[in-house]
J.: 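Below you will find the structure I want to go over with you.
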2 protein chains.
Amino acid sequence: MPSRQVVAKELAEIFGILAHADRIRMVEELRLGEKDVSSLANVLGLETPRVSQHLRLLRMHNIVVERREGRRHFYHLTNPDMAAWVLQGLTFIEQRMAGVTKSNIKAARRLWSEE
Amino acid sequence: MPSRQVVAKELAEIFGILAHADRIRMVEELRLGEKDVSSLANVLGLETPRVSQHLRLLRMHNIVVERREGRRHFYHLTNPDMAAWVLQGLTFIEQRMAGVTKSNIKAARRLWSEE
DNA sequence: TTATCACATTCACATTTCTGGAGATTCTAG
DNA sequence: CTAGAATCTCCAGAAATGTGAATGTGATAA
């Protein structure tokens with residue numbers, strides 16, 4: 001198969017994994033460093049099983065890395081730059097403006113850019 | 001709904017639309033300017049109905065813009081920067097290396113970076 | 001050691017969404 | 001009207017989602 005097709009397929013897979021609001025928020029929550037499952041669940045307002053399943057997917061695709069400490073499982077981004085890259089995608093929703101106010105975008109950009 | 005959730009949902013939608021190898025290749029094919037449906041179909045080795053379907057999706061989400069000239073429909077990227085952004089995603093598959101050789105990635109990067 | 005709690009993962013299942021192919025339909029130029 | 005170009009419709013098979021229940025593990029106490 002031509003390299004373009006192979007690579008496009010891989011890219012599509014990455015996009016597919018990030019094609020979920022919960023997982024996007026997880027990537028952004030992990031932008032500054034590791035968090036354990038229950039903190040994530042708490043911050044995102046989700047049940048632990050769901051968070052765990054999302055993490056499994058992210059882990060299987062090497063987007064996050066797990067570190068165990070006692071009974072807690074900490075996760076961090078394999079490549080912290082990914083959070084910024086995802087955030088850059090906001091550039092392309094500003095123009096569609098479909099039900100998304102600019103203020104919402106600004107707010108999110110601000111929140112996910114804080115150190 | 002908190003702005004972060006709203007924005008994450010929108011971002012997820014963009015990612016979802018790009019989560020298809022054909023559509024990624026289309027975005028890259030359009031990086032330098034407009035093309036009509038049959039040229040796209042030809043370049044990508046797909047049937048026109050399928051290309052048209054993909055374009056419909058991209059159009060509905062303002063990722064591409066249509067321009068008609070006679071019986072031909074030309075499409076171009078709403079924001080040409082998107083092609084570069086998508087290409088940047090390659091950064092994150094280089095580390096996974098799951099069945100994708102580095103040479104494939106380099107080749108694709110080269111091809112989709114040509115002017 | 002055993003019992004128990006806390007944290008996390010996995011399983012099973014109903015539901016939803018995505019996909020891709022074939023054919024019908026619309027639209028336009030000549 | 002005719003032919004070519006592109007789009008739309010329909011549907012069965014595949015994949016992703018979400019929820020609750022069940023199962024693992026590590027720490028802690030008796």
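Just so it is clear: chains get the letters A, B, ... in the order the sequence lines come, proteins before strands, and each one is counted from 1. Because the structure is a prediction, the values reported are computed rather than measured.
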J.: Between dT7(D) atom C1' and R72(B) atom CZ, what is the distance in whole Å?
T.: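 Spelled out: CZ on R72(B) to C1' on dT7(D) is 17 Å.
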
J.: Going 5' to 3' through nucleotides 12-17 of chain D, assign each nucleotide B (protein heavy atom under 4.0 Å from a base atom), S (under 4.0 Å only from sugar-phosphate atoms) or - (no protein heavy atom that close).
T.: -----S

J.: CE of M26(A) versus C1' of dA8(C): gap in Å, rounded?
T.: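 In whole Å, dA8(C) C1' and M26(A) CE are 12 Å from each other.
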
J.: For a quick check, tell me whether the side chain of Q53(B) and the base of dT9(D) share a donor-acceptor pair closer than 3.5 Å.
T.: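 Counting by modelled atom types and ignoring angles, a donor-acceptor contact under 3.5 Å is found here.
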
J.: Please state whether the phosphate of dT7(D), meaning OP1 or OP2, lies under 4.0 angstrom from any side-chain nitrogen or oxygen of Y75(B).
T.: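 Indeed, a polar side-chain atom of Y75(B) lies that close.
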
J.: Using 30° and 60° as the class boundaries, would you call the ring planes of W85(B) and W85(A) parallel, tilted or perpendicular?
T.: parallel

J.: F74(B) near the nucleic acid: base, sugar-phosphate alone, or nothing, with a heavy-atom cut-off under 4.0 Å?
T.: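 F74(B): no heavy atom of the nucleic acid under 4.0 Å.
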
J.: Hey, does the side chain of S52(B) come within less than 4.0 Å of dA6(D)'s phosphate (OP1/OP2), counting only N and O?
T.: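 No, S52(B) has no side-chain N/O under 4.0 Å of OP1/OP2 on dA6(D).
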
J.: Within the pair S38(A) and dA6(C), is there a side-chain N or O less than 4.0 Å away from OP1 or OP2?
T.: no

J.: The side chain of R71(B) lies closest to which of these nucleotides: dG18(D), dC27(C), dG4(D)?
T.: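 Output: dG4(D).
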
J.: Please check the phosphate of dA5(D) (OP1 and OP2 only) for any side-chain N or O of H73(B) closer than 4.0 Å.
T.: no

J.: Just N and O in the side chain of T48(A): are any of them under 4.0 Å from OP1 or OP2 of dT9(C)?
T.: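 No, because none of the side-chain N or O atoms of T48(A) sits under 4.0 Å from OP1 or OP2 of dT9(C).
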
J.: Yes or no on salt bridge (charged side-chain N to carboxylate O under 4.0 Å, His left out) for R31(A) and E29(A), after CA distance, side-chain angles and deciding distance?
T.: CA-CA 6 Å; R31(A) 75 190 182 285; E29(A) 288 301 331; 5.0 Å; no

J.: Round to a whole Å and report the spacing from CG of L18(B) to P of dC18(C).
T.: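 Rounded to whole Å, this separation is 14 Å.
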
J.: Return no unless some side-chain N or O of R59(B) is found under 4.0 Å from OP1 or OP2 of dT7(D).
T.: yes

